[in-house]
Amino acid sequence: MERGSADGVQAQPESGCPQSASNTDAKAEVSMAMVWSIQEAVARQTLQIGVSACGATAVVDVLQALGISVAPELVDGCVRTRLRRNDSPLPDYLHSRSEAGATHQQLIDGAEQASDGRVLGRFFSLHPQRKVRLVPWLASWIRRGAVPVATMNMQRAVAAGEETPDAWHHQLIFGVGPNAVFMTNPLDVVSEGEVHERLCSESVLLIRREDVLQRLTNEESLSTVSDHPDTRWKALDVEGQVKQMITEEGFSDREQPKMTHIVIPAAYKSGVTLFTLRDSDVVHSLLEAPELPLL
């Protein structure tokens with residue numbers, strides 16, 4: 001395999017002439033790679049194992065794909081899934097929302113622990129935007145035995161008229177094809193562009209207006225919203241956003257358009273984690289691979 005194909009970063013053809021059918025077929029073949037067939041994915045995929053446990057669910061399927069069977073509850077304990085504190089006052093609720101579920105590092109650590117050290121992972125950030133053709137890059141690693149998991153901001157690439165999701169999401173990628181990414185939990189095929197947009201996101205999370213206002217109490221000072229070791233809470237002026245929402249409640253929708261969400265920091269980073277067996281042939285190239293180049 002040519003190095004350019006393996007990296008998924010290639011020079012574009014100099015000619016603008018139409019490509020022959022054989023060239024088109026060859027490009028399609030380069031972009032096609034499967035961890036499981038669709039039939040295997042239907043039979044083997046793991047449905048979400050618990051609240052906020054999409055990351056642990058993805059790790060269960062990663063281990064399956066690598067030939068290791070581990071009880072889902074054990075995997076969830078190794079990943080250390082964090083829950084939303086829905087009954088807390090607003091400041092603590094918002095802080096819990098920023099880290100609910102798991103980060104890519106928790107997935108890497110959890111897979112290693114649950115497999116007794118037999119599995120390792122390497123994360124590749126896709127934000128800021130990278131110079132990479134996503135499907136060929138994924139295909140090259142899948143063909144060499146790696147199993148990808150996407151960490152995506154599902155609040156991006158939302159179709160017109162659809163409700164904005166309220167969370168990020170981890171999904172196993174069980175295959176790719178021309179302009180297509182196949183994923184589990186849920187079993188789905190999504191366009192390359194849509195997945196790439198969700199994989200290239202700042203580490204932020206939108207919180208719905210109703211989720212903010214219903215947790216306001218007279219006893220809790222809003223200043224504690226910014227009382228967090230992550231300085232992004234102050235940089236984003238989350239406290240000020242909440243106060244703006246409160247002020248808007250004194251006006252009708254006709255008098256003043258109202259904020260639909262506030263923006264808070266998120267613990268997650270968008271990108272792809274590639275997993276493999278520690279004793280596999282791909283380990284060295286995976287660990288030594290450079291970060292994807294910035295666009």
Side-chain angles (χ1 to χ4, degrees), residues 47-58 76-77 79-104 106-107 127 151-171 185-186 188 194 197-198 201-270:
L47 301 179
Q48 180 114 350
I49 63 176
V51 177
S52 297
C54 59
T57 303
D76 194 29
V79 170
R80 294 176 172 81
T81 300
R82 300 186 180 105
L83 299 178
R84 301 178 184 184
R85 296 187 288 274
N86 288 319
D87 296 329
S88 289
L90 181 63
D92 187 59
Y93 168 75
L94 293 177
H95 294 163
S96 76
R97 286 295 306 274
S98 73
E99 62 178 15
T103 65
H104 71 270
Q106 288 174 259
L107 270 58
H127 181 270
T151 298
M152 299 176 289
N153 184 354
M154 303 302 288
Q155 296 178 330
R156 294 178 61 90
V158 179
E162 290 191 3
E163 184 178 353
T164 301
D166 73 342
W168 285 50
H169 197 37
H170 302 285
Q171 286 183 267
N185 190 33
D188 201 3
E194 189 173 327
E197 184 173 348
R198 291 170 177 164
S201 169
E202 294 182 359
S203 296
V204 294
L205 180 68
L206 299 176
I207 306 296
R208 294 177 296 204
R209 183 182 189 89
E210 56 268 33
D211 289 334
V212 173
L213 295 179
Q214 71 183 12
R215 291 176 172 84
L216 288 171
T217 64
N218 294 327
E219 294 79 18
E220 191 75 18
S221 170
L222 288 180
S223 63
T224 58
V225 169
S226 302
D227 186 14
H228 195 282
D230 187 341
T231 59
R232 293 181 299 160
W233 287 86
K234 291 182 179 177
L236 289 171
D237 190 20
V238 178
E239 180 184 343
Q241 293 181 63
V242 173
K243 289 179 177 178
Q244 176 63 27
M245 272 194 173
I246 296 171
T247 299
E248 291 171 352
E249 285 298 287
F251 299 89
S252 67
D253 292 342
R254 184 175 301 176
E255 290 175 309
Q256 179 176 323
K258 296 180 179 180
M259 299 166 60
T260 58
H261 298 80
I262 63 169
V263 183
I264 69 170
Y268 332 104
K269 292 183 179 180
S270 57

**Asked** Should the heavy atoms of other residues, nucleotides or ligands under 6.0 Å from CG of Asp188 be counted, would the total exceed 12?
**Response**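 Result for CG/Asp188: enclosed.
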**Message:** Is it the case that atom CD in Glu210 sees more than 12 heavy atoms from other parts of the structure closer than 6.0 Å?
**Reply:**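 Enclosed: over 12 neighbouring heavy atoms sit under 6.0 Å from CD of Glu210.
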Keeping the roles fixed (side chain from [X], backbone from [Y]), state whether a donor-acceptor pair exists under 3.5 Å.
X      : Y      : answer
Arg198 : Arg156 : yes
Tyr268 : Leu205 : no
Arg215 : Asn86  : yes
Gln48  : Gly50  : yes

**Request:** Applying salt bridge (charged side-chain N to carboxylate O under 4.0 Å, His left out), run through Glu249 and Arg209 and close with a yes or a no.
**Result:** CA-CA 11 Å; Glu249 285 298 287; Arg209 183 182 189 89; 2.8 Å; yes
**Prompt:** Is any side-chain heavy atom of Thr57 closer than 4.5 Å to a side-chain heavy atom of Leu47?
**Reply:**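 They are not in contact (no side-chain heavy atoms under 4.5 Å apart), so the answer is no.
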**Asked** Would you call Trp168 and Ser201 a side-chain contact if the rule is heavy atoms closer than 4.5 Å?
**Response**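 Side chain of Trp168 against side chain of Ser201, heavy atoms only: contact under 4.5 Å found.
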Atom [atom1] of [X] and atom [atom2] of [Y]: how far apart are they, to the nearest 0.5 Å?
X      : Y      : atom1 : atom2 : value
Lys269 : Ser203 : NZ    : OG    : 7.0 Å
Ser98  : Tyr93  : OG    : OH    : 11.0 Å
Asp87  : Ser96  : CG    : OG    : 10.0 Å
Glu197 : Ser270 : CD    : OG    : 11.0 Å
Leu90  : Thr217 : CG    : OG1   : 8.0 Å
Thr81  : Ile49  : OG1   : CD1   : 6.5 Å

**Test side-chain contact (heavy atoms from CB on, under 4.5 Å) applied to Arg97 and Ile264, step by step** = CA-CA 9 Å; Arg97 286 295 306 274; Ile264 69 170; 4.2 Å; yes
**Prompt:** Passes salt bridge (charged side-chain N to carboxylate O under 4.0 Å, His left out), Asp237 versus Arg232? Steps please.
**Reply:** CA-CA 8 Å; Asp237 190 20; Arg232 293 181 299 160; over 6 Å; no
**Message:** Against Glu99, only a single residue in Gln106, Arg84, Arg82 fulfils side-chain contact (heavy atoms from CB on, under 4.5 Å); can you say which?
**Reply:**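 That would be Arg82; it is the only one of Gln106, Arg84, Arg82 passing the side-chain contact (heavy atoms from CB on, under 4.5 Å) with Glu99.
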With a 3.5 Å cut-off and sequence neighbours excluded, list the donor-acceptor pairs that the side chains of residues 238-247 form with protein atoms.
unit_1 : atom_1 : unit_2 : atom_2 : d
Glu239 : OE1    : Ser226 : OG     : 3.4
Glu239 : OE2    : Lys243 : NZ     : 3.0
Gln241 : OE1    : Val263 : N      : 2.7
Gln241 : NE2    : Leu236 : O      : 3.0
Gln241 : NE2    : Val263 : O      : 3.0
Gln244 : NE2    : Glu248 : OE2    : 3.3
Thr247 : OG1    : Lys243 : O      : 3.0

**Message:** Over 60° means perpendicular and under 30° means parallel, so tell me whether Trp233 and His95 are parallel, tilted or perpendicular.
**Reply:**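 Correct class here is perpendicular.
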Which heavy atom in [X] sits nearest to a heavy atom in [Y], and how many Å separate them?
X      : Y      : result
Pro165 : Val158 : CD-CG2, 3.7 Å
Leu206 : Gln155 : N-OE1, 2.8 Å
Ala56  : Val79  : CA-CG2, 4.0 Å

**Request:** Check the pair Val212, Ile262 against side-chain contact (heavy atoms from CB on, under 4.5 Å), reporting the backbone distance first and the verdict last.
**Result:** CA-CA 8 Å; Val212 173; Ile262 63 169; 3.8 Å; yes
**Request:** Going by the side-chain hydrogen bond (donor to acceptor under 3.5 Å, both in side chains) test, name the single residue among His170, His169, His104 that passes it with Thr151.
**Result:**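 Exactly one pass, corresponding to His170.
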**Request:** Please step through side-chain contact (heavy atoms from CB on, under 4.5 Å) for the pair Ile207 and His261, ending with a clear verdict.
**Result:** CA-CA 5 Å; Ile207 306 296; His261 298 80; 5.9 Å; no
**Prompt:** Going through the checks in order, is the side-chain contact (heavy atoms from CB on, under 4.5 Å) test met by Leu222 and Leu216?
**Reply:** CA-CA 9 Å; Leu222 288 180; Leu216 288 171; 4.0 Å; yes
**Prompt:** Looking just at side-chain N and O atoms, do Gln171 and Asn185 make a donor-acceptor pair shorter than 3.5 Å?
**Reply:**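 Side-chain D/A pair, Gln171 to Asn185: absent.
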